[in-house]
Amino acid sequence: MIFSGKVEKPTVSNFIRNIIDTDLAQNKNQGRVATRFPPEPNGYLHIGHAKSICLNFGIAKDYQGTCNLRFDDTNPERESMEYVQSIKDDIAWLGYQWNALHFASDYFAQLYDYAIELIKQGKAYVDSLSGDEIRAYRGTLTKPGKESPYRDRPVEENLKLFEAMRAGEFEDAQHVLRAKIDMSSPNINMRDPILYRIRHVSHYRTGDQWCIYPMYDYTHCISDAIEDITHSLCTLEFEDNRALYDWVLDQLDVPGHPQQIEFARLNLEHTVMSKRILNRLVDEGHVSGWDDPRLPTISGLRRRGYTPESIRDFCERIGVTKKQGTIAMSVLENSIREDLDQRAPRRMAVLDPLRVVIENYPEAQTEMVTASNHPKNPQMGQRPLTFSGVIYIERSDFMETPAKKFFRLAPGREVRLRYAYYITCTDVIRDNEGEVIEIRCTYDPATKGGSSADGRKVKGTIHWVSADHSANAEIRLYDRLFLVSNPAAKADFLEHLNPQSRIVLTNCKVEQGLVDMEPEARFQFERQGYFCTDRQDHSRSHPVFNRTVTLRDTWAKIEKTSGS
RNA sequence: UGGGGUGUAGCCAAGUGGUAAGGCACCGGAUUUUGAUUCCGGCAUACGCAGGUUCGAAUCCUGCCACCCCAGCCA
């Protein structure tokens with residue numbers, strides 16, 4: 001299938017899809033596939049969540065199934081509607097539509113009823129040990145725990161106590177509801193896990209309706225079952241929780257029993273995904289906010305210029321396994337370059353301008369040259385550019401004493417100005433400090449458009465803008481946030497922040513037409529990289545562009561290896 | 001001296017007893033009015049290690065090693 005010039009790639013198999021294929025072959029769940037994405041609304045989504053989103057929504061789509069969005073909002077402490085909204089926005093931006101929208105908090109009443117049922121069955125009890133005591137009684141990794149003295153309270157007493165807990169008759173932490181399983185289980189999750197805790201905190205959705213809140217292990221499985229989820233996908237750290245997930249559902253008469261399958265979460269080199277660290281970076285002002293273009297948050301990537309397509313492509317490429325790995329940033333960069341190469345119109349922008357006066361160009365004359373918007377896609381059209389006798393070129397495109405293999409402008413050398421003329425450098429002008437502030441050139445009038453009838457070749461083609469026909473712009477260059485590949489592993493991760501992760505250039509010269517672009521417009525600035533107008537700060541009077549990613553740069557490699 | 005997982009190239013990853021896909025990265029070369037793109041070629045006698053079963057093992061068996069997760073009234 002042809003799709004915007006791109007052949008859609010077949011989805012690669014992974015172990016979860018293999019499980020589903022097997023289930024389907026056996027007509028498990030009557031051939032139905034239902035997944036869900038269950039974030040807690042206590043933070044912003046990042047690229048790691050995107051992996052889970054693409055997995056869950058992608059499976060639903062490919063198997064004609066459904067994927068719900070469910071907010072796992074069982075801990076009122078740090079959840080809010082603001083997070084709910086940002087999560088919904090990010091998922092929609094990524095290009096996914098949820099089948100149904102649910103909140104675990106909508107199940108509070110049902111969850112409470114199921115807890116009563118558990119108590120009646122003698123499988124849950126109210127424990128009145130303190131937090132410290134509960135921890136001590138739990139035992140350790142290698143030593144079994146011991147049973148609470150309250151473990152054998154009669155059902156009636158448990159019922160009365162639990163109702164009193166719900167009625168607000170106790171202080172926080174005075175009692176908890178626990179499952180009665182096995183205090184000597186080698187799986188610590190099964191040592192009478194806490195099901196409910198008392199928390200006199202108002203919830204962003206249920207207000208003060210409840211003062212007891214159900215725990216994750218108890219809530220998640222029942223929520224999945226209520227929604228008739230077939231495959232409950234989560235990350236590896238929940239592997240040990242699966243026994244409890246199954247235990248709870250086995251005790252109760254719930255609509256279904258979803259299968260929990262765990263996969264490895266995403267790790268990316270040179271950045272961090274942990275909520276704790278992300279929070280510090282934002283709170284302490286090391287970045288400008290949750291949508292700082294250096295952050296791996298969805299809103300940060302969006303502001304940086306990443307497309308939803310590129311993020312989906314990335315998630316496709318990295319695969320889904322149970323092996324904990326770390327993906328190189330180059331994989332993400334490759335995904336966005338590949339996408340933008342095809343769809344981003346080309347423009348010329350000079351980031352570090354060097355003034356060039358063309359001495360034999362008739363003074364005050366201007367003329368139009370034609371530039372194509374994409375070298376391979378004529379349908380993207382062309383645009384006229386004004387050429388004149390005073391232009392700006394990139395300072396790095398000129399070397400007074402050229403290094404070996406440098407084939408751009410240098411005294412006595414000829415280069416092509418893209419789409420315009422061949423020019424030859426004749427002189428160098430310096431200021432009092434000896435810094436080159438201008439160069440003088442001559443142009444060959446017979447090379448208009450950038451080619452010569454005599455077949456003479458020039459090795460270099462450089463970009464330019466006309467001094468009087470360009471606009472000033474601010475351009476923000478972004479690079480990896482951290483210098484080390486795994487900053488989260490460093491106790492002093494702040495010491496490893498890349499001081500060059502954001503460089504703001506305020507004296508850039510761009511094609512005039514660029515200032516009128518709407519926010520989030522994406523371009524390739526030829527020979528530089530892909531850029532987008534900043535979502536927040538760009539305006540016609542103050543144009544601001546963010547560098548999404550550089551172009552591949554063979555010259556930089558040559559420079560590096562030749563050590564100059 | 002507990003339990004649960006995972007080991008295929010620098011980084012990901014297919015592979016499910018028949019002789020190691022693919023991507024990223026890297027290295028060559030061709031084309032090129034972007035040192036971009038594109039294209040061609042190279043890149044694991046080898047699948048954590050050691051044994052065993054088999055005509056045949058990355059795939060099965062045994063033992064060992066390494067790494068990750070679990071002792072919140074977080075999710």
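As the structure is a computational prediction, the values presented were derived from the model and not from experiment. Every heavy atom of this structure was used, including side-chain atoms; hydrogens, water molecules and symmetry mates were not. Residue numbers begin at 1 in each chain, while the letters A, B, ... track the order of the sequences.
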Is any side-chain N of the basic residue among [X] and [Y] closer than 4.0 Å to the acidic one's carboxylate O?
{"X": "A/Glu262", "Y": "A/Arg242", "value": "yes"}
{"X": "A/Arg317", "Y": "A/Glu338", "value": "yes"}
{"X": "A/Asp553", "Y": "A/Arg527", "value": "no"}

I'd like to know if the side chain of A/Asn158 reaches the main chain of A/Val126, judged simply by a donor and an acceptor atom lying under 3.5 Å from each other, with no hydrogens or angles considered.
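Yes: the side chain of A/Asn158 pairs with the backbone of A/Val126.
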Say whether, by atom type as modelled, one donor and one acceptor occur between the side chain of A/Tyr218 and the main chain of A/Tyr245 under 3.5 angstrom.
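Between the backbone of A/Tyr245 and the side chain of A/Tyr218 there is no qualifying donor-acceptor contact (under 3.5 Å).
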Taking the C1' atom in each of B/U31 and B/C40, what is the distance between them to the nearest angstrom?
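11 Å, rounded to whole Å.
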B/U59 versus B/U19 - spacing of their P atoms, nearest Å
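Nearest-Å result for B/U59 against B/U19 at atom P: 15 Å.
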Using a distance-only criterion (donor-acceptor N/O pair, under 3.5 Å, no hydrogens), is the base of [N] paired with the side chain of [X]?
{"X": "A/Asn187", "N": "B/G4", "result": "no"}
{"X": "A/Arg346", "N": "B/U34", "result": "yes"}
{"X": "A/Gln524", "N": "B/U34", "result": "yes"}
{"X": "A/Arg408", "N": "B/G35", "result": "yes"}
{"X": "A/Lys322", "N": "B/U6", "result": "no"}

Does OP1 or OP2 of [N] have a side-chain N or O of [X] closer than 4.0 Å?
{"X": "A/Arg199", "N": "B/C74", "value": "yes"}
{"X": "A/Arg178", "N": "B/C73", "value": "no"}
{"X": "A/Lys323", "N": "B/U8", "value": "yes"}
{"X": "A/Arg78", "N": "B/C74", "value": "no"}
{"X": "A/Ser330", "N": "B/A25", "value": "no"}
{"X": "A/Thr74", "N": "B/C74", "value": "no"}
{"X": "A/Arg265", "N": "B/C69", "value": "no"}
{"X": "A/Ser372", "N": "B/U34", "value": "no"}
{"X": "A/Arg317", "N": "B/A13", "value": "no"}
{"X": "A/Arg197", "N": "B/C74", "value": "yes"}

If I take atom [atom1] in residue [X] and atom [atom2] in nucleotide [N], what distance separates them, rounded to the nearest angstrom?
{"X": "A/Arg416", "N": "B/U32", "atom1": "CZ", "atom2": "P", "value": "11 Å"}
{"X": "A/Glu40", "N": "B/G72", "atom1": "CD", "atom2": "C1'", "value": "13 Å"}
{"X": "A/Arg138", "N": "B/C70", "atom1": "CZ", "atom2": "P", "value": "13 Å"}
{"X": "A/Asp182", "N": "B/G3", "atom1": "CG", "atom2": "C1'", "value": "12 Å"}
{"X": "A/Phe314", "N": "B/C11", "atom1": "CZ", "atom2": "C1'", "value": "11 Å"}
{"X": "A/Leu244", "N": "B/C74", "atom1": "CG", "atom2": "P", "value": "15 Å"}
{"X": "A/His49", "N": "B/A75", "atom1": "NE2", "atom2": "P", "value": "14 Å"}
{"X": "A/Lys376", "N": "B/C39", "atom1": "NZ", "atom2": "P", "value": "7 Å"}

Could you please name the partner base of [N], counting Watson-Crick and G-U wobble pairs only when both distances are under 3.5 Å?
{"N": "B/G18", "answer": "B/C55"}
{"N": "B/G41", "answer": "B/C27"}
{"N": "B/U1", "answer": "none"}
{"N": "B/A66", "answer": "B/U6"}

Heavy atoms from C-beta onward define the side chain here; which of [options] lies closest to that of [X]?
{"X": "A/Arg135", "options": "B/A71, B/A14, B/G35", "result": "B/A71"}
{"X": "A/Met215", "options": "B/G3, B/G72, B/A71", "result": "B/G72"}
{"X": "A/Asn334", "options": "B/G5, B/A25, B/A36", "result": "B/A25"}
{"X": "A/Thr321", "options": "B/C24, B/A14, B/G35", "result": "B/A14"}
{"X": "A/Ser13", "options": "B/A14, B/A75, B/G35", "result": "B/A14"}

Is A/Arg418 close enough and on-axis enough to A/Trp464, meaning under 6.0 Å and within 45°, for cation-pi?
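The answer is no; the distance or angle limit is not met.
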Chi-angle category of B/G72 [syn within 90° of 0, anti beyond]
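B/G72: syn.
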Under the side-chain hydrogen bond (donor to acceptor under 3.5 Å, both in side chains) criterion, do A/Asn189 and A/Asp240 qualify, and how do the steps go?
CA-CA 7 Å; A/Asn189 292 289; A/Asp240 291 338; 4.7 Å; no
Aromatic-base stack, A/Tyr216 on B/A75, cutoff 5.5 Å, angle under 30:
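No.
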Taking the six-membered ring for Trp, are A/Phe525 and A/Tyr530 ring centroids under 6.0 Å apart?
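No; A/Tyr530 has its ring centre 6.0 Å or more from that of A/Phe525.
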